[in-house]
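Here is the structure we will look at, set down as structure tokens.
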Amino acid sequence: MAAHKNTAAAPEQGGAGGARTVGSDDYALSRVPRDKRLGFWTMLLQWLAQSGSISQFTLGATIGVGMSFGDAFWAFTLGAVILEVVIFAIGLAGMREGLATPLLTRWAGFGRNGSALVSLVISVSLVGWFGVQNTIFGDSVSSLVGGPSWLWCLVAGAGITGLVIFGFRYMAVFAKIVTPLFFAMVAWSVTDALSEHSLSELIHSPAPGQSIPLAVAATAIAGGFMTGAIVSPEMTRYNRKGSHVFLQSASSMILSEYIVGLTGVLLGHMVGSGQVSQIVLFTSGAFGVLVVLMSTAKINDWNLYGSSLGVVNFFQVVFGKRLHRGAVTIALGIAGTVLSAVGIMTHFTDFLSVLGVAIPPVGGIIVAEYWVVRRMRAPLDATREAGTLPATSPTWVPMSLVIWAVAFCVGKFYDGGIPALNSLLTAFVLYCVLGLAGWIRTYGTTTLDDRPADPAEPSADAPGTAPVGAP
């Protein structure tokens with residue numbers, strides 16, 4: 001990732017060669033080389049940064065209003081186990097191959113053209129949530145410190161976009177700064193708030209509000225981060241070992257669900273309401289507000305980052321154009337920021353929720369193909385050691401699209417269980433059964449031919465390198 005030389009207009013090779021681009025391409029259409037992977041502690045802080053959100057306290061408090069502490073414990077346990085299984089199964093594939101989800105799907109269930117559809121769905125969903133979160137960010141700052149919400153949306157969007165332009169390593173540095181500050185500040189605020197009450201009484205007190213069933217609580221816990229679990233390869237492709245993927249993601253689950261979530265349950269019992277964010281904000285003062293806002297930005301940067309990777313793959317497949325990820329980030333960041341500033345993004349939350357059910361089946365198909373059926377994985381196995389991509393990929397896998405559609409319908413229209421999990425399991429089971437029965441077949445072969453936009457990445461002429469991309 002030598003593109004992190006970081007000047008605003010470092011010359012890099014674009015799709016047409018010689019174009020001047022901004023930021024880092026971050027191996028958007030190639031494997032992350034082994035010597036560019038990051039260490040355990042750097043990656044751990046990235047994972048823990050995803051746990052550092054006031055919204056998780058609010059979720060815990062909301063569940064605590066309707067559940068006893070013991071019942072809430074089991075709800076968070078169920079949610080954490082579901083998420084960890086999904087994250088590890090998909091994230092380990094991303095780590096082994098050094099590939100983000102959109103590119104991985106070319107050889108893990110969908111083929112080249114199917115991967116474009118996957119990329120489009122993921123990109124729209126993530127950039128949409130970027131805009132929604134940016135709106136929430138702007139509204140929160142406006143209510144706390146004054147000023148128009150649209151102005152704070154512009155400031156936040158510009159700041160996050162500027163960070164994501166330069167890629168994963170800069171995002172990791174930001175996580176190193178924000179994550180310790182956030183949890184230190186929250187620990188102080190929550191301890192101060194709970195010190196005036198008996199911890200034993202709060203733990204054993206009944207739910208202060210209307211009862212929430214276990215399945216509903218688990219749905220809120222697991223379903224809320226399922227899309228993040230499916231795109232976990234965007235992060236794990238920078239890991240060095242499979243054990244690191246497990247330890248880091250499990251640590252994030254423990255912190256997010258058991259510490260942050262269950263602390264939120266206690267706060268919910270204490271105040272009898274899910275509105276507990278003000279406890280942290282008002283107790284910690286101006287510095288605490290700043291840290292909370294920075295931690296929110298740290299989570300939202302992943303929405304924009306994942307969306308940029310999906311768009312690069314989509315344009316490369318559909319239009320044969322090799323876009324630079326940094327330039328794509330600028331375009332997506334401007335679009336999401338402007339739409340959030342004018343208040344449009346909040347009208348799309350229902351649509352984004354529908355996409356939230358459409359994305360989990362992608363994970364089910366990836367896991368089924370990569371770990372169980374293995375009809376398409378052989379080219380990845382053959383090129384993994386060399387750090388290159390296979391010279392060809394399947395063009396279409398029609399049955400995968402049928403399975404995806406069926407699984408989406410199950411998740412969307414079946415009322416029982418956890419919708420996101422229902423759609424994921426349906427896709428996994430169907431793909432395994434049909435794949436092992438020989439009904440999953442690929443059609444056509446695409447010869448890959450592309451030039452990397454990052455000069456630090458191997459060129460198509462480098463010895464032993466298989467080019468990737470356009471038809």
Side-chain angles (χ1 to χ4, degrees), residues 1 26 32 36-57 59-60 76-77 79-101 104 126 129 133 160 163-164 167-187 221-222 224-264 291-292 294-306 309 363:
M1 289 198 284
D26 260 13
V32 176
K36 300 298 182 181
R37 307 289 179 96
L38 301 178
F40 178 85
W41 296 107
T42 296
M43 294 299 298
L44 177 63
L45 280 173
Q46 281 281 33
W47 277 104
L48 296 183
Q50 305 309 300
S51 308
S53 171
I54 290 295
S55 63
Q56 187 69 4
F57 282 102
L59 173 63
F76 276 105
T77 297
V81 169
I82 291 171
L83 287 172
E84 179 58 25
V85 170
V86 174
I87 289 172
F88 184 64
I90 299 177
L92 184 61
M95 184 282 301
R96 282 167 54 89
E97 306 303 339
L99 299 175
T101 300
L104 179 63
L126 292 180
W129 284 118
Q133 290 295 327
I160 296 173
L163 173 66
V164 176
F168 194 94
R169 289 183 181 270
Y170 283 79
M171 293 162 64
V173 171
F174 189 54
K176 290 179 181 179
I177 298 170
V178 173
T179 306
L181 288 175
F182 174 81
F183 285 108
M185 182 273 298
V186 167
I221 294 165
F225 191 68
M226 187 61 73
T227 296
I230 302 306
V231 297
S232 60
E234 272 74 339
M235 186 182 299
T236 62
R237 66 195 181 120
Y238 281 95
N239 275 109
R240 293 173 178 171
K241 299 179 180 179
S243 59
H244 290 183
V245 174
F246 175 77
L247 291 173
Q248 291 159 3
S249 58
S251 296
S252 179
M253 286 298 104
I254 290 172
L255 180 60
S256 176
E257 313 303 338
Y258 289 108
I259 298 178
V260 176
L262 290 179
T263 298
V291 172
V292 169
M294 291 174 66
S295 70
T296 303
K298 182 64 201 77
I299 293 174
N300 207 22
D301 62 2
W302 277 102
N303 289 326
L304 185 57
Y305 184 76
L309 293 173

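Only heavy atoms go into these numbers, but all of them, side chains included; no hydrogens, no water, no symmetry mates. Quick caveat: nothing in here was measured; it's all calculated off a predicted structure.
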Mind checking the OG-CD1 spacing from Ser249 to Ile90? Nearest 0.5 Å is all I need.
11.5 Å
If only atom types and distance count, is the side chain of Arg240 paired as donor or acceptor with the main-chain N or O of Phe40 below 3.5 Å?
no
Measure the CD-CG distance between Gln56 and Leu262 for me, rounded to the nearest 0.5 Å.
9.5 Å
Between Ile230 and Val86, which heavy-atom pair has the shortest distance, and what is it?
CD1-CG1, 3.9 Å
Rounded at 0.5 Å granularity, tell me how far CZ in Phe88 sits from OG1 in Thr236.
10.0 Å
Taking the side chain as C-beta and beyond, is there a heavy-atom pair between Met235 and Met171 under 4.5 Å?
no
Closest contact, heavy atoms only, Pro180 versus Ile177
CD-O, 3.8 Å
Closest non-hydrogen atom pair, Arg237 against Asp26:
NH2-O, 3.1 Å
Partners passing side-chain hydrogen bond (donor to acceptor under 3.5 Å, both in side chains) against Thr101 (at least two apart in sequence or in another chain)
Glu234
Identified side chain to side chain contact (heavy atoms under 4.5 Å, CB included) partner of Thr42 from the options Leu45, Leu44, Leu38:
Leu38
Side chain to side chain contact (heavy atoms under 4.5 Å, CB included) between Tyr305 and Leu126, worked out:
CA-CA 9 Å; Tyr305 184 76; Leu126 292 180; over 6 Å; no
Applying side-chain hydrogen bond (donor to acceptor under 3.5 Å, both in side chains), can you list everything that pairs with Thr227, at least two apart in sequence or on another chain?
none
CE of Met253 to OH of Tyr258: how many Å apart, nearest 0.5 Å?
10.5 Å
Taking the side chain from Ser251 and the backbone from Leu247, do they hold a donor-acceptor pair closer than 3.5 Å?
yes
Can a donor-acceptor pair be found, under 3.5 Å and without considering hydrogens, that links the side chain of Gln46 to the backbone of Ala175?
no
Looking at Gly242 and Leu92, what are the two nearest heavy atoms and their distance?
CA-CD1, 3.5 Å
Ring geometry between Trp302 and Phe168 (parallel below 30°, tilted from 30 to 60°, perpendicular above 60°)
perpendicular
Grab the two heavy atoms, one from Ile87 and one from Ser232, that are nearest each other, plus how far apart they are.
O-OG, 3.7 Å
Taking only residues two or more places apart in sequence, or in another chain, which ones meet Gln50 in a side-chain hydrogen bond (donor to acceptor under 3.5 Å, both in side chains)?
none
Nearest 0.5 angstrom please: Asp301 CG to Leu163 CG, how far?
5.5 Å
Indicate yes or no: at least one non-hydrogen side-chain atom of Gln133 is less than 4.5 angstrom from one of Ile299.
no
How close do Lys241 and Met95 get, heavy atom to heavy atom, and via which atoms?
C-CE, 3.8 Å
Flag the pair His244 / Met43 as yes when at least one side-chain heavy-atom distance between them is below 4.5 Å, and no otherwise.
no
